[in-house]
Enquirer: 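Pasting in a structure now, in structure tokens, and then I'll have a few things to ask.
Count residues from 1 along the sequence.
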Amino acid sequence: MTSQHEPKASPKVQLIMLACLVPLIVVTIAGLFVLWPSGPDKELPGGGPTTNTAEGTTDTKVTVTAVDASDCESGKTDPMVRADCTKYIVEADGQEGSLYVTPDAVKAGVDVGDRIKALDFTQSPDRAEMGTDYVFIDFDRNVPMLALAIIYAIVVLLVAGLRGLRALIGLGFAGAVLFVFMLPAMLDGKPPVLVAMVSASLIMVIALYLAHGISTRTSTALFGTVLGIIITGILGAWMTSWANLGIAYSEDGYLLVDTTDLGMTDMIVCAILITGLGVLNDVTITQASAVWELAAAAPEMKPGQLFSRAMRIGRDHIASTVYTITFAYVGSALMTLIIVSAHDQPLFDTFTLGDMSVEVVSILVCSIGLVIAIPLTTGLGVLVVRSGLRPPRRPVASAASPVPAVSGGETTERATAEAAGAADGHPEPAREVPGSPAGSKDPVGPAGERPPMTRREARERDRNR
């Protein structure tokens, strides 16, 4: 699964890495069995918008066939008013019915031909009280989102080839670990931090080796990621406790705290671990690859030089990844930031209150783990790759005819060819001296040394033999 031409670690180092890798895999598998959720799937009250609370209601998909806003007064743009005066006719399974659209959806725009996810009240005893057959839930986005996922997969395959395919398979495996093991185990009452550590370890082992191949380079990135995750987890647990972040600020947080045994502190630490996993995986495999490529290009490079040059790449990666983490949060929390910026409140107070403080702590903790993991991975990679490198062999001249000194511009190959010819009993033919009369030969130089041969002369000598 890896290139046969990349530098290999020494057998001793490979054995040491294997001795560290096997216990990690064994502990991960043992944790998977011990923490596997044993109880039935837990259902929470309330929850998402498709939760059926009314008797006889079901979820369905409808298509908007007509929009009638004739009852609305001209110039009225208030979504609350237009939601009451606009009539929407939809079709579901060949039957037409009325649809109530919420004000926010009215403002977004619901047009003829739109596919809608709705609650079906046609068979509910509350139909008369509701005054409508269907109630808007959300737009049906299955087709555009599936198309986008297919485009993403095609782009990855075209650019990355087989390695991109293996990465997509690893991504699917990671999603299965999260939704089949990690989240159900946390709802089942298993220790959240241990569950997150086992999940992160399982994802790293499978996804890394699947995407990048089984090699000492990948193992180096794996160990660097493990060290980064440990540092991130310890720092995250300490900072979460010190900053008193165990408060539920969102509706989802209130729901989990009130209906389960989960604590906000543990969930925040788990979120930090999973967030750091993706970032650390990125930088560690990049640093390991940088060390291996530099070592392959210049095997004579000393360990200090190799570490220094690899860290130049690492410093650029640190800067860009820190920006990535920060701007990813800004993009996801843009609406909250707009609301905050509209209030006359000091910026420092803004970022230290509520759920924004949780996000700030997550960014800073993950960034610290990232910064520390890069030199750790680079140093480990230098030790591993240097253990298998040997200095290039220099040609050894025959004792019977030492290789003459080569002047500037002449290659070692010429001198070696001369020495080889003298050693096997075929002396070099006399050469014409440039600028001398035709036919004049000068087999030796003025100091008794034979001038170095050119490549053409060496080939002619070999043909004469």
Enquirer: Using a cut-off of 6.0 Å, state whether more than 12 heavy atoms not belonging to Y152 lie near its atom OH.
Expert: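 No.
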Enquirer: I'd like to check D140 versus I116 (side-chain heavy atoms, cut-off strictly below 4.5 Å). Are they in contact?
Expert: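 The answer is no; the side chains never approach within 4.5 Å.
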Enquirer: How many angstroms lie between CG in L227 and CD1 in I372, if you round to the nearest 0.5 Å?
Expert: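 Here the interatomic distance stands at 10.5 Å.
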Enquirer: So how far is it from L187 CG to M182 CE, rounded to the nearest 0.5 Å?
Expert: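 CE of M182 is found 10.5 Å from CG of L187.
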Enquirer: Would you please test L202 and F181 for side chain to side chain contact (heavy atoms under 4.5 Å, CB included) and show each step?
Expert: CA-CA 11 Å; L202 184 62; F181 167 68; 5.7 Å; no
Enquirer: If you round to the nearest 0.5 Å, how far is CE of M264 from CG of L245?
Expert: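 Reported value, rounded in 0.5 Å steps: 9.0 Å.
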Enquirer: For L210 and I169: C-alpha separation, side-chain torsions, deciding distance, then whether side chain to side chain contact (heavy atoms under 4.5 Å, CB included) applies.
Expert: CA-CA 8 Å; L210 183 61; I169 296 174; 3.6 Å; yes
Enquirer: Is R386 reaching over with its side chain to a backbone N or O of A9, donor-acceptor style, under 3.5 angstrom?
Expert: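 It does not hold such a pair.
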Enquirer: Looking at side-chain heavy atoms only, is the closest gap between D114 and T63 below 4.5 Å?
Expert: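 Result no, sub-4.5 Å side-chain heavy-atom pair not found.
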Enquirer: Side chains of T377 and Q287: is there a donor and an acceptor less than 3.5 Å apart?
Expert: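 Result is no, nothing qualifies.
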Enquirer: Okay, side chain of S387, backbone of S10: is any donor-acceptor separation there less than 3.5 Å?
Expert: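 Yes: the side chain of S387 pairs with the backbone of S10.
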Enquirer: If you look at every heavy atom in R115 and K61, which pair is closest and at what distance?
Expert: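 Taking R115 first and K61 second, the nearest heavy atoms are NH2-CB, 3.3 Å.
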Enquirer: Does the side chain of W36 reach to within under 4.5 Å of the side chain of K190, using non-hydrogen atoms?
Expert: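 Side chain of W36 against side chain of K190, heavy atoms only: no contact under 4.5 Å found.
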Enquirer: Whether the Y209 and S219 side chains hold a donor-acceptor pair (N or O, under 3.5 Å, no angle test) is what I'd like checked.
Expert: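 Looking only at side-chain atoms, S219 and Y209 do form a donor-acceptor pair, the distance falling under 3.5 Å.
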Enquirer: With a 3.5 Å distance limit and no angle check, can you tell me whether E359 reaches the backbone of M356 through a side-chain donor-acceptor pair?
Expert: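 Answer holds: no.
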Enquirer: Judged by atom type as modelled, is there a donor-acceptor pair below 3.5 Å linking the side chain of T284 to the main-chain atoms of L280?
Expert: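 Yes, the answer is positive, given that a donor and an acceptor are paired below the 3.5 Å cut-off.
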Enquirer: Provide the closest heavy-atom pair for P192 versus M186 in the form atom of the first, atom of the second, distance.
Expert: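 Closest approach of P192 to M186: CB-CE, 4.0 Å.
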Enquirer: Compare every heavy atom of D188 with every heavy atom of S38, then report the nearest pair and how far apart it is.
Expert: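 Heavy-atom minimum between the residues: N-OD2, 3.2 Å.
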Enquirer: Evaluate the criterion side chain to side chain contact (heavy atoms under 4.5 Å, CB included) for residue pair W238 and V269; output intermediate values, then yes/no.
Expert: CA-CA 9 Å; W238 169 69; V269 175; over 6 Å; no
Enquirer: Less than 4.5 Å apart, any side-chain heavy atom of I203 and any of L277?
Expert: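 Counting from C-beta outward, I203 and L277 do come under 4.5 Å.
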Enquirer: If we ignore hydrogens and angles and just use 3.5 Å, is the side chain of T378 paired with the main-chain N or O of I374 as donor and acceptor?
Expert: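 Such a contact is found between T378 side chain and I374 backbone.
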Enquirer: Find the distance between CD1 (I234) and CD1 (I229) and round it off to the nearest 0.5 Å.
Expert: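 Atom-to-atom, I234:CD1 and I229:CD1 are 11.5 Å apart.
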Enquirer: Minimum heavy-atom separation for A196 and L273, please, with both atom names.
Expert: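 Result for this residue pair: CB-CD1, 3.9 Å.
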Enquirer: Please check if any side-chain donor atom of T240 sits under 3.5 Å from a side-chain acceptor atom of T265, or the reverse.
Expert: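 Result is no, nothing qualifies.
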Enquirer: What verdict does the side chain to side chain contact (heavy atoms under 4.5 Å, CB included) test give for R217 and V384, after you've listed the backbone C-alpha separation in whole Å, the side-chain angles of each residue and the deciding distance to 0.1 Å?
Expert: CA-CA 8 Å; R217 178 179 61 180; V384 172; over 6 Å; no
Enquirer: Tell me the closest heavy-atom pair linking A373 and G224, and the distance in Å.
Expert: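 That closest heavy-atom pairing would be CB-O, 4.2 Å.
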Enquirer: Would a 4.5 Å heavy-atom cut-off, applied to side chains only, mark F307 and V291 as touching?
Expert: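 Answer no - side chains too far apart.
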Enquirer: In terms of side-chain heavy atoms, does S289 have a donor or acceptor partner in T286 at a distance below 3.5 Å?
Expert: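 Looking only at side-chain atoms, T286 and S289 do not form any donor-acceptor pair under 3.5 Å.
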Enquirer: Heavy atoms only: give me the nearest T218-L208 pair and the separation to one decimal.
Expert: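 The pair with the smallest heavy-atom distance is CG2-O, 3.7 Å.
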Enquirer: Looking at S308 and G304, would you say the former's side chain and the latter's main chain have a donor-acceptor pair under 3.5 Å?
Expert: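 No, because the side chain of S308 does not come within donor-acceptor range (under 3.5 Å) of the backbone of G304.
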Enquirer: Pick from L24, V226, N281: which one makes a side chain to side chain contact (heavy atoms under 4.5 Å, CB included) with M204?
Expert: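 Running side chain to side chain contact (heavy atoms under 4.5 Å, CB included) over L24, V226, N281 with M204 returns exactly one hit, V226.
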Enquirer: With the side chain counted from C-beta on, respond yes when L306 and V385 share a heavy-atom pair under 4.5 Å apart, and no when they do not.
Expert: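 The answer is yes; the side chains approach within 4.5 Å.
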Enquirer: If I take atom CE from residue M311 and atom CD1 from residue I313, how far apart are they, to the nearest 0.5 angstrom?
Expert: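 With rounding to 0.5 Å, CE (M311) is 10.5 Å from CD1 (I313).
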Enquirer: Answer yes or no: is there a side-chain heavy-atom contact under 4.5 Å between L376 and I231?
Expert: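 Touching, per the 4.5 Å side-chain cut-off.
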Enquirer: Looking at S320 and H317, would you say the former's side chain and the latter's main chain have a donor-acceptor pair under 3.5 Å?
Expert: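 Side chain of S320 to backbone of H317: a pair is present.
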Enquirer: Kindly assign one of parallel, tilted or perpendicular to the pair F136 and F139, based on the angle between their ring planes and the thresholds 30° and 60°.
Expert: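 Because their plane-to-plane angle is over 60°, the rings of F136 and F139 count as perpendicular.
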Enquirer: Can you tell me how far OG1 of T216 sits from CG of L18, rounded to the nearest 0.5 angstrom?
Expert: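 So the gap between those two atoms works out to 12.0 Å.
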Enquirer: Is any side-chain heavy atom of T275 closer than 4.5 Å to one of S362?
Expert: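 S362 does not reach T275 side chain to side chain.
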